[in-house]
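Here's the structure, in structure tokens; my notes come after.
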Amino acid sequence: MKNQVIASHFSAAASVYEQIVQVQAIAAKKAVALFRDLSYDLPEGVIVDLGAGTGLLTKELAQTFANKPVIATDIAANMLEEMKRQTWFQASKLISTQTMDMSEPTITKQVSMFASSFSIQWVLDPIAVLQNYWDKLEAGGVMVISFPDTSSYCEWHAVCRDLNLPFQGNRLPDIEAIVAYFAKAKAKVIWKKYSYIETYDDIYVFFKNLKQIGANYAYNRPAYSASTMRQIIRTWNREYASKVTYQIGWLCLIKPSIT
């Protein structure tokens, strides 16, 4: 049920998504740039973008690996339809789309890379989901994942402490926990965490944007009341300069080749 609700939220936002997002676009570009800097040769197989949305990461993958087929997957069909309207998609013969719940993979092709940017945080158990894709990856293949780390939103957390309120945002993945897990699985793990700060004239716009892009769904947590939201916004604007700090985790997992 939760996944269907999330799909509905993002499908409704498809037509305005790329007009609003900032950090998602930055993270998608950087995810591919950081991997490109490794100068790693991918094995045979398709590239799969998990939670592709309107194609911010798909576009980067298709341009960087111009001779490889790219399959863009997402649970929200309208997001994929919005991607298909874009000129870069229509100009390529190697990009295809597939409606798919990331938690229930249906990819059957040989895969050289699973990639995802700002999507893995929407699953309840990121490590279990990543393990599932790791098992399906070709030997010598890679997983490149970018997401907001659990250390993001320090201002929001601080406001909640100041006001003695619970933090109502979704729990975010912990990159260090993911790194530790896959290091035990004998993956070659390359990772980093970097900051990105958005500044608003009024932090109300941050919450408005979350709603407009469909990212305001909270797992198992009641929404703040209107009066509480006004209190949070006033405090955030006054004490924390209307800033939002993202700590973005970037992770590259390389599967050992068969020798």
Side-chain angles (χ1 to χ4, degrees), residues 1-21 24-25 27-29 31-32 45-65 68-138 141-148 170 173 210-219:
M1 178 62 181
K2 290 170 184 173
N3 289 352
Q4 285 83 359
V5 173
I6 292 170
S8 175
H9 279 217
F10 279 105
S11 280
S15 63
V16 299
Y17 185 82
E18 290 197 16
Q19 300 169 32
I20 297 171
V21 296
Q24 291 88 341
K29 284 182 177 292
V32 176
V46 303
I47 295 173
V48 178
D49 183 355
L50 303 169
T54 57
L56 294 171
L57 180 62
T58 308
K59 179 181 179 181
E60 299 298 322
L61 293 167
Q63 290 177 345
T64 300
F65 305 101
K68 275 193 171 289
V70 178
I71 304 174
T73 71
D74 202 277
I75 193 173
N78 284 2
M79 297 289 265
L80 297 177
E81 290 302 314
E82 188 67 26
M83 184 193 307
K84 291 178 184 178
R85 296 186 185 100
Q86 300 191 44
T87 54
W88 60 265
F89 182 95
Q90 295 172 1
S92 174
K93 295 181 180 179
L94 291 177
I95 310 172
S96 60
T97 64
Q98 181 174 325
T99 303
M100 185 185 80
D101 183 343
M102 191 188 305
S103 299
E104 300 174 2
T106 55
I107 297 292
T108 57
K109 295 184 182 253
Q110 179 181 356
V111 178
S112 63
M113 174 191 281
F114 285 113
S116 183
S117 185
F118 268 61
S119 295
I120 196 69
Q121 73 271 18
W122 289 106
V123 302
L124 288 175
D125 189 344
I127 288 178
V129 169
L130 291 176
Q131 177 65 61
N132 198 354
Y133 287 104
W134 176 256
D135 292 340
K136 300 178 186 304
L137 191 65
E138 285 295 305
V142 303
M143 294 175 64
V144 175
I145 312 294
S146 181
F147 54 88
N170 290 322
L210 286 182
K211 185 175 182 179
Q212 285 187 304
I213 66 171
N216 61 323
Y217 180 78
Y219 280 120

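Fair warning: this is a prediction, and the values are worked out from it, not measured in the lab.
Looking at L137 and F114, their side chains come closer than 4.5 Å, going by heavy atoms from C-beta outward. No side-chain heavy atom of M113 sits under 4.5 Å from any side-chain heavy atom of K68. Side-chain atoms of P148 and F118, non-hydrogen and from C-beta on, do get closer than 4.5 Å to each other. Here the side chains of K109 and V48 are not in contact, with every heavy-atom distance at 4.5 Å or above. Taking 4.5 Å as the limit, every side-chain heavy atom of S117 sits out of range of all side-chain heavy atoms of L56. Using a 4.5 Å heavy-atom threshold, the side chains of V32 and V144 count as separate. At a threshold of 4.5 Å between non-hydrogen side-chain atoms, the residues S116 and M102 count as touching.
For the side chain to side chain contact (heavy atoms under 4.5 Å, CB included) with L50, the qualifying choice from I71, T73, I107 is T73, the only one to do so.
In terms of heavy-atom proximity, A62 sits nearest to I95 at CB-CD1, 3.6 Å. Nearest heavy-atom pair, A52 versus D74, reported as atom, atom and distance to 0.1 Å: N-OD2, 3.3 Å. Residues A72 and L80 share a closest heavy-atom pair of O-CD2, 3.9 Å. The shortest heavy-atom contact between P173 and Q121 is CD-CB, 3.6 Å.
How far CG of L57 is from CD1 of I145: 9.0 Å, rounded to the nearest 0.5 Å. Between atom CD of residue E60 and atom CH2 of residue W88 there is a gap of 9.0 Å, rounded to the nearest 0.5 Å. Atom OG1 in T58 sits 4.0 Å away from atom CE in M83 (nearest 0.5 Å). S119 contributes atom OG, which lies 9.5 Å from atom CD of Q24 (distance to the nearest 0.5 angstrom). A distance of 4.0 Å separates CD of Q212 from CD1 of I20, quoted to the nearest 0.5 Å. Separation of atoms OH (Y17) and CG (N78) is listed at 14.5 Å; rounding is to 0.5 Å.
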Any chance you could lay out the side chain to side chain contact (heavy atoms under 4.5 Å, CB included) test for I75 and W122, step after step, and finish with the verdict?
CA-CA 11 Å; I75 193 173; W122 289 106; over 6 Å; no
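Crowding of K29 atom NZ: a count of heavy atoms from other residues, nucleotides or ligands under 6.0 Å not exceeding 12.
A donor-acceptor pair is defined here as one N or O able to donate and one able to accept, closer than 3.5 Å; no such pair exists between the side chain of T54 and the backbone of M79.
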